[in-house]
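What follows is a single structure, written as structure tokens, with notes after it.
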Amino acid sequence: MKNHILNEKQKKAVEFEGEHLLVLAGAGTGKTRCIVGRAAYLIEKGVQPEKIQILTFTKRSANEIVERVKASLTDNQAQSLNGSTFHSWCNQLIVRYPNLFGAASYTVIDPDDQLSVMKMVCGDQILEYKGIRIKPQQLIDIYSYGRNTRQNLTNSIREKVFKGKTDEETNDEIDIIRPKVEILLKAYQQKKGEGRYIDYDDLLLIVANRLRNDEEARKILSHQVKHLLIDEFQDTNPLQWFLLEPFLEIANFYCVGDDAQSIYSFRGADYKNVHLFKERVPNSEILILDKNYRSTQEILDLSNWLIEESPLDYKKKLVSSRGEGMKPKLINVSSQWEEANFIAENILENFTENNKNFASHLILSKSTYYTKPLQAVFIQKKIPYVTYGGRKFMEAAHIKDVVSALRVVNNLYDEIGWMRFLTFWDGIGEIKAGKYISKILEFKDPLDCAQNLDDAIGGPEGEKIGDIYNTILLNSGNVKRAIQETYSKMELSLAFKYRKDWEEKRKSDFPVLEMLGDNYASIGQLISEGILENAKQLNGNPVLEGSQINDSEIKDHVIISTVHSAKGLEADVCYVLNVSPKVYPSAWNLDKEESIEEDRRVLYVALTRAKNELYVTRDTNSINTVKTPNSGDTNSNYFLEELPGNLVEQATNPYLIIKPKDILTPNKIDLSLGMDFS
DNA sequence: ATTAGTACCTTTTTT
DNA sequence: AGGTACTAAT
């Protein structure tokens with residue numbers, strides 16, 4: 001094994017000889033290094049790489065781990081090593097064993113489509129829907145939460161609609177709406193079946209159920225999977241455990257996690273699940289890593305203080321092996337714009353005067369939305385950056401338009417796809433599209449549809465739509481070609497529909513879509529696997545993560561990331577945005593201690609990304625500008641309220657504040673020049 | 001009766 | 001950036 005300096009405990013973890021292991025490891029103590037080292041170790045010991053499955057929460061960390069394993073081994077020893085998210089792993093299994101899982105020609109639907117399906121259901125079941133004051137999105141949340149936590153409907157209504165309250169009044173209300181919600185959710189399931197739709201949770205459930213109920217299935221997979229290496233184990237939820245459990249008898253589990261970094265409870269994860277490991281996994285051991293190799297002690301002091309303030313006891317105090325360094329800086333700013341400018345100037349100063357490249361800077365935000373002004377300033381100041389987190393590539397409206405055409409060819413019963421594809425065209429709205437769809441659903445098969453689609457719709461639109469359908473069907477063996485043809489036939493209309501930002505923002509995505517399509521052997525694969533693919537922003541332009549596609553000219557860029565997407569990341573210099581009252585913790589959930597503590601862990605994850613320099617910004621006006629449902633609340637929950645002064649160095653923005661240039665409005669220009677009216 | 005356009009609104013976090 | 005609710009246009 002090359003370039004791996006492991007300490008004694010890490011070495012013990014990597015070379016573990018028992019059956020199942022949980023490595024409990026604090027931030028920066030070498031979790032990722034353990035997984036990478038373990039995979040490399042197993043391969044060197046002669047385990048076939050294709051029988052090792054690495055499971056992570058994001059595609060990016062899966063790719064990164066696999067790349068690092070490859071880099072640490074010679075030749076192409078790790079060529080067939082598998083790293084993926086739970087969801088794409090399940091999708092791959094379903095694709096590889098269509099008979100086992102009984103799914104073919106299905107469509108994986110993203111959260112937007114889920115909502116569309118639910119809205120259709122609420123329209124169909126208007127009586128039940130009117131009887132409850134729950135929005136379709138909430139119904140989706142209830143459904144998904146129930147499945148992810150494997151709780152019954154009553155409890156998930158309680159959790160998602162009534163914030164977990166258990167008083168009598170709440171119970172009565174739940175009793176009243178429960179039957180109606182049940183009818184709606186069952187109708188949703190029915191609709192999914194009709195449309196051959198598989199939602200994200202279904203991917204896991206299909207595989208899990210099969211394996212749990214069918215010994216033959218377990219036998220088949222036992223030849224395929226010998227080692228499961230699971231990252232961020234503290235964030236696995238009951239559904240994921242439901243999926244993993246049957247693998248206990250066929251594979252060795254190697255899990256790494258840290259309860260203090262559990263930040264996915266909104267998806268049903270429970271930070272306590274790492275404590276259950278020994279109970280749930282027979283013949284298992286736990287190893288603890290506690291020496292931090294990432295950060296200087298000052299950064300860890302602040303992080304340690306934060307979780308010591310928690311009423312929960314994480315039994316954790318990180319000690320740096322690197323010694324002392326610079327004190328974290330708390331920067332007070334009076335606007336988001338000032339905050340963005342401060343960071344930009346600070347980075348430029350580091351770049352030009354301190355010899356730090358852009359890539360050694362990491363900016364962390366709680367939400368994607370919040371980084372918009374920062375991105376604008378970076379573009380203006382020509383600072384190259386990438387963003388992690390946010391919308392998926394295939395979720396952008398203009399991409400969905402083109403993909404909807406491919407979807408309906410792949411799956412004739414895909415009503416959501418048809419609705420999008422048909423209403424895309426001028427003169428066809430929801431009503432007409434609905435009428436066409438009921439005709440379309442009568443077609444026997446795609447060939448029948450191809451022959452009669454134009455007549456079913458009629459007119460020039462019918463011809464156009466029929467032509468596109470036929471073209472895609474002809475090219476269904478060549479995904480890239482199918483995309484190219486479809487795009488060229490839709491381009492004019494797309495350019496018109498998105499005329500406001502077509503040239504600057506959207507047009508350039510289509511070559512990316514073509515390249516993405518080139519990675520898949522069939523349209524079906526594109527719209528199941530591809531939909532799970534992440535996009536990132538490179539200098540403001542979306543490109544795909546984790547594939548060769550995006551290896552752009554610019555290698556050196558600042559990373560802007562959500563905290564959730566930043567797990568496992570680290571950087572020399574870190575900026576944590578907007579650590580202000582009502583944000584940490586969020587003012588939306590002050591009545592739920594669990595949510596407050598989850599926010600604390602989010603901040604903890606953010607702080608512990610920094611190696612040498614940590615800047616925490618705070619908006620001094622936030623009390624006045626943040627709209628909250630609990631107005632009038634004091635800041636007593638604010639995490640930094642009682643921050644000991646010696647842990648940070650407080651400062652205001654040291655850079656000159658430059659106001660944005662006044663934008664000239666047309667009425668300031670005299671437009672009556674040059675015409676002689678005499 | 002339908003569709004197109006516009007003005008506001010509202011954003012956790014991820015698969 | 002996208003959705004919704006309203007209004008204008010066909």
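In what follows, chains carry the letters A, B, and so on, assigned in the order in which the sequence lines appear, proteins first and then strands, with residues in each chain numbered from 1. Every value quoted in this text rests on a predicted model; they were computed, and no experiment measured them.
Using a 4.0 Å cut-off between charged side-chain N and carboxylate O, A:R196 and A:D414 make no salt bridge.
Here B:dT15 is the nucleotide among B:dT15, B:dT3, C:dG2 with the atom lying nearest to any side-chain atom of A:L532. Comparing B:dT15, C:dG2, B:dT14 by their closest approach to the side chain of A:T562 singles out B:dT14. Taking only side-chain atoms of A:T368, from C-beta outward, the nucleotide of B:dT13, B:dT15, B:dA4 with the closest atom is B:dT13. The side chain of A:K372 lies closest to C:dA1, out of C:dA1, B:dT15, C:dG2.
Not counting sequence neighbours, the partners of A:E159 by the side chain to side chain contact (heavy atoms under 4.5 Å, CB included) test are A:Y145, A:K592. Among residues two or more places apart in sequence or in another chain, the side chain to side chain contact (heavy atoms under 4.5 Å, CB included) test is passed with A:E463 by none. A:R618 meets the side chain to side chain contact (heavy atoms under 4.5 Å, CB included) test with A:L330, A:N332, A:S580, A:Y638, A:L640, A:Q650; sequence neighbours excluded. Checked against ring pair (Phe, Tyr, Trp, His ring centres under 6.0 Å), A:Y106 has no partners two or more places apart in sequence or in another chain. In terms of the ring pair (Phe, Tyr, Trp, His ring centres under 6.0 Å) criterion, A:F101 has no residue partners (sequence neighbours excluded). Listed by chain and number, the residues in a ring pair (Phe, Tyr, Trp, His ring centres under 6.0 Å) with A:F247 are A:W89 (sequence neighbours excluded). Partners of A:D426 by side chain to side chain contact (heavy atoms under 4.5 Å, CB included), not counting sequence neighbours: none found.
Using a 4.0 Å heavy-atom criterion, one finds that A:D199 contacts no nucleic acid atom at all. Within 4.0 Å of A:E598, counting heavy atoms only, lies no atom of the nucleic acid at all. Residue-level contact check: A:D112 touches neither bases nor backbone, having no heavy atom under 4.0 Å from any strand. Counting any heavy atom pair closer than 4.0 Å across all strands shown, A:T85 reaches sugar-phosphate atoms only and no base atom. In this structure, A:R506 reaches the sugar-phosphate backbone alone: every heavy-atom distance under 4.0 Å involves primed, P, OP1 or OP2 atoms, never a base.
Put simply, CD1 on A:I596 is 15 Å from C1' on B:dT12, counting in whole angstrom units. Protein atom NZ of A:K160 is 14 Å distant from nucleotide atom P of B:dT13, rounded to whole Å. The CZ atom of A:F57 sits 10 Å away from the P atom of B:dT15 (whole-angstrom rounding). Distance A:N578 CG to B:dT11 C1': 14 Å, rounded to the nearest Å. Atom C1' of nucleotide C:dG2 and atom CG of A:D401 are separated by 12 Å, given to the nearest angstrom. Taking atom NZ of A:K432 as the reference point, atom C1' of B:dT3 lies 8 Å away to the nearest angstrom. Counting to the nearest Å, the P atom of B:dT10 and the CD atom of A:Q137 are 16 Å from each other. Put simply, OH on A:Y498 is 15 Å from C1' on B:dA4, counting in whole angstrom units.
Ranked by how close their nearest DNA chain B nucleotide is to the 5' end, A:I431 and A:Y370 are led by A:I431. With DNA chain B read from its 5' end, the first of the two nearest nucleotides for A:T423 and A:S88 is the one closest to A:T423.
Few gaps surround CD on A:E491; more than 12 heavy atoms of other groups in view lie less than 6.0 Å from it.
Judged by distance alone, with hydrogens and angles left aside, A:Y369 brings a side-chain donor or acceptor within reach of the base of B:dT11, the pair sitting under 3.5 Å.
For residues 260-267 of chain A, proximity to DNA chain B is found at A:Y264, A:F266, A:R267, defined as any non-hydrogen atom under 4.0 angstrom from a strand atom.
The closest donor-acceptor contact from the side chain of A:R600 to the backbone of A:L306 lies under 3.5 Å.
In this model, the phosphate group of B:dT2 is approached by a side-chain N or O of A:K435 to a distance below 4.0 Å at OP1 or OP2. Between A:S565 and B:dT13 there is no side-chain N or O to OP1 or OP2 distance below 4.0 Å.
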Between the protein and nucleotides 4-10 of chain C, which nitrogen or oxygen pairs come in under 3.5 angstrom?
residue : atom : partner : partner atom : Å
C:dT4   : OP1  : A:K119  : NZ           : 2.6

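Judged by a 6.0 Å distance limit and a 45° cone about the ring axis, A:R158 is not positioned over the six-membered ring of A:F162.
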